[in-house]
Each structure stands twice: as structure tokens, then as C-alpha cells.
There are 2 protein chains.
Amino acid sequence: MTPMSLRFAILTALSEKESTGSELARRFDRSFAYFWSTTHQQIYRELDQLERAGWVLKAEDPAQESRGRPRTFSITERGTQELCRWLASEPELPRVRDVVGVRLRAAAVLGDPEAVRPLLTEQLERHRARLAEYERIEQRDFATEPDVRTALQHLVLRSGMTTESGGIQWCEEALRRLDRLAEADSAADRPVTPSSG
Amino acid sequence: MTPMSLRFAILTALSEKESTGSELARRFDRSFAYFWSTTHQQIYRELDQLERAGWVLKAEDPAQESRGRPRTFSITERGTQELCRWLASEPELPRVRDVVGVRLRAAAVLGDPEAVRPLLTEQLERHRARLAEYERIEQRDFATEPDVRTALQHLVLRSGMTTESGGIQWCEEALRRLDRLAEADSAADRPVTPSSG
DNA sequence: CTTCTCATGTAATGAGTTACATGATTTG
DNA sequence: CAAATCATGTAACTCATTACATGAGAAG
């Protein structure tokens, strides 16, 4: 249950700076990417809905009338009000969606632990890469925090960093566990141990 | 991009034990809940599709013909093959979806850090409650691990525990940060500090 | 028989993805 | 102008949620 979040992410982005659709898409790819992903199609659709609702306004530039031309949008007073209202509203509880969990459980029922080893290795690499990227961003953008805005944006990044650290930690634990299972398994193949035989 | 995962979660559940739709719904609420959430509507729809595809089989019980009667499903040989194939396939990269991140960013642009304090407090409580629940389950179900299957299921639980621990850690950091921001803010209201005035 | 509950199912809608199409601008 | 690229948009489809409806069995 995470409905509407894209809408408010767009309003937030437009609060920071008025933009065209493709600028928004690029901004989402960059600075929003570590907590929300989307596509340009979704952005255009949402912008149309937001404009119809009067939450955003299309710039009245006569040069921006035909199809291929960029259209600049800005947030309206009404849009800002709605953003505030949403921010003060009860948070929706996000649905749990852990594909790695599903795969592990499948491997469990199929009795094939080694089936998930490539997955875990790849996952570990991905987490490490992302953490490294976030650390780079942190050093570059948050060495000092002159204002409240920067401090809160830093917290969002820190959230991503915590997530990735946890992912790394768990992948390492899981891989160690797989190793021990493999060892126990090969030991079972030759049941005479060095100490007892 | 997490399509199809529900399908394979259902196949996994049916591999463990044949079930009716509502039994599946209950099992998802219980043991699958910490890595995948869904509804009975989705389950019934998916079961129909899976049966049409020949991946699951409806029990041929003549007592199970009309609407309100439970229908028992089991996985077919074909279904098991497809589950294996999926398990060996490239993992899809899950999309990032962090609603708390969106709210924080919104609070940042609105310059209102205190707007997220209730959210963070609630979130912290939720993480703590879930972690406690997981620890309870761990003690109850994974005190010893006689087989591979149990060990892998334990790993899934450990993943959830790592996630919740990270969430707790981050919420605490974020709340401390809010406290310091509030303090700096009130200090700005009376710019004469004890040492200089 | 009425009421309650359970299991199953329908309908409507919203959210999200993929593939593709078209107008405008730039570059050679 | 031809080709490439960019910005915008359409269409079709899948995934997911919400609200509601209906048949069956149990309890009174």
C-alpha cells in the first residue's frame, strides 16, 4: 500500500525547482533514485493529472504549444497545501516485497541451497557498489550542513546507507551459512571423520 | 520490477503443502508475511492462471464443485520445473520504494523538520515490534536446525531481522538529528549565548 | 428459518511497465 | 535534406488494492 507517493515525490521535486517532464525524469534518476524509482511515462501521466487537479501549473509560454516541445511545470499554492496535508497525514504502511526472500524460501523447499549462491553473490556486490556510491555522495554533498534542508536530505541518504549496510551484513552471513551447509553436506558423503576413523 | 514473484511464492507454498485458496491466504499472513504480502483476491486470480497454465492442479473432489466450496490445489511436475527454472534465472532488480524517504525530502523542501517526528517515532516503534516478533519466532522455530530446509528458512527470517535492526538504528539517528536541529533552532531565537553574553 | 461466518469470487479502479509513435532540434 | 537525438506522448498490458457479492455450512 504505497499509493500516491509518486504524486507527492513529484510535488516535492517541483517545490525544489520548476521543471519540464524530462528534467523531472532526469532528476528522479539522479537524486531521487536512492529512495524512489519511476519512468518518464509515469511522470507525464501524473503531471497531466496534477495539472487537471490544479496542483501544478504549466508555464504559459506560447513557444510550448506543440507536441515535441518541453513544457515547464511549477507547483501551485494549492499543490503546496496538499503536500503539507499529506506530510501531516497518517503514514501508509508499506507492503513487504522481498524477492530474495521468495527465492530463498523456494530454494529451501526444493532442498537446493546452492541455487541461491549466485544470487547472494550478485546481491552482495550490488549492495557494496551502492554503499560506495552513497559514501561518495555523502563526502561530496554533505561534508558540512549549513541548513535544515541539507540536514534532512542527508538523513534520506543515511537511510539508504543503513539499508545497504544491512544488506551487506546479511549477504555475508547467508554466504557463510551456505558454506557451512556445503561442508556438512560433503562431510555426510564420507561419514568417517578424521577423528573417529 | 518485481513481476511474477507472487506466482512463484504461491508455487513455493504449494510445494510445501497442498492447500485451498483461503489456506494459502492464511499461510501468507503468517509465515510468508515477513517477506511477501498479498491478498486473497490476488491469490485466487493467480491460482486460476496457474491452473490454466498447468502449473498447479485442482483436486478432483466432486464435493468441490460449486461456489462456496473450498478447492484444494497442488503443484504439478510442470510447476516444480518452472519453479526450478525461475530459481536459476537472473534475479530481477527490485525497484526502490521508500515512502519515508519521500516524506523526509518533502519535509526538507518545506523546511519543516518537526513534521516528520511523529512518523519517525511511529516507524521506530513498528521496527522494534517487528524485530521483537521475529526474535520470538527465531527462538521458537529455529533453536536447532536439523535440516537444510530449516536453515534456509531461518536465513529468510534473519534477513527480516537485519532489515528491522537497520530501521531501528536509522530512526534513532534521525530522531537525534531532529533534536539537534530543534536545539540549534531555539538557540537561533536567542542569539546571545551564555559564553559570549 | 435466521444469523453468522467462512471460502470463493466479481467489478472497478489505480499503479506500474513495456513497446512504440510523433514532433522538434541538432548535426553532418 | 538525412540521420540522430531529444522531449513528449499513446496503447496495451500486468500487477495490486478496495469494495462488494454470493454460495455453503454452522449455531442459535
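Because the structure is predicted, anything quoted here is derived from the model rather than measured. Each chain gets a letter, A, B and so on, in the order its sequence line appears, and its residues count up from 1.
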How close or far is atom P of dA12(D) from atom CD of Q42(A), stated in whole angstroms? 19 Å
Presence of R26(B) side-chain N/O under 4.0 Å of dC6(C) phosphate oxygens OP1/OP2: no
Rounded to the nearest Å, what distance is computed from the CZ atom of residue R69(B) to the P atom of nucleotide dT8(C)? 12 Å
If only side-chain N and O atoms of S22(A) are considered, is one of them under 4.0 Å from the OP1 or OP2 phosphate oxygen of dT8(D)? yes
Nearest-nucleotide check on DNA chain D, H40(B) vs R45(B); residue mapping nearer the 5' end is R45(B)
Exceeds 12 heavy-atom contacts within 6.0 angstrom, atom CZ of R85(A): no
Separation of atom CG in L6(B) from atom P in dA15(C), rounded to whole Å: 20 Å
Which nucleotide sits closest to the side chain of R95(A): dT8(D), dT18(D), dA16(D)? dA16(D)
Rounded to whole Å, please give me the gap between OH in Y44(A) and P in dT10(D). 12 Å
Measure CG/D29(B) against C1'/dA7(C) and give the value in whole Å, please. 15 Å
Between C1' of dG9(D) and CG of L47(A), the distance in whole Å: 12 Å
Tell me which pairs pass salt bridge (charged side-chain N to carboxylate O under 4.0 Å, His left out) where either residue lies in residues 113-124 of chain A, with sequence neighbours left out. E114(A)-R117(A), R117(A)-D179(A), E122(A)-R126(A)
Between R7(A) and Q41(A), name the one whose nearest nucleotide on DNA chain C is closer to the 5' end. R7(A)
Nearest 0.5 Å please: distance from the CG atom of L155(B) over to the SG atom of C171(A). 10.5 Å
Could you tell me the separation between the CD atom of E23(B) and the P atom of dA7(C), rounded to a whole number of Å? 8 Å
Any R97(B) side-chain nitrogen or oxygen under 4.0 Å from OP1 or OP2 of dA15(C): no
Is any side-chain heavy atom of F8(B) closer than 4.5 Å to one of L83(B)? yes
Between CG of D48(B) and P of dT10(C) the distance, given in whole Å, is 8 Å
Going by the angle between their ring planes, with limits at 30° and 60°, are H40(A) and Y44(A) parallel, tilted or perpendicular? perpendicular
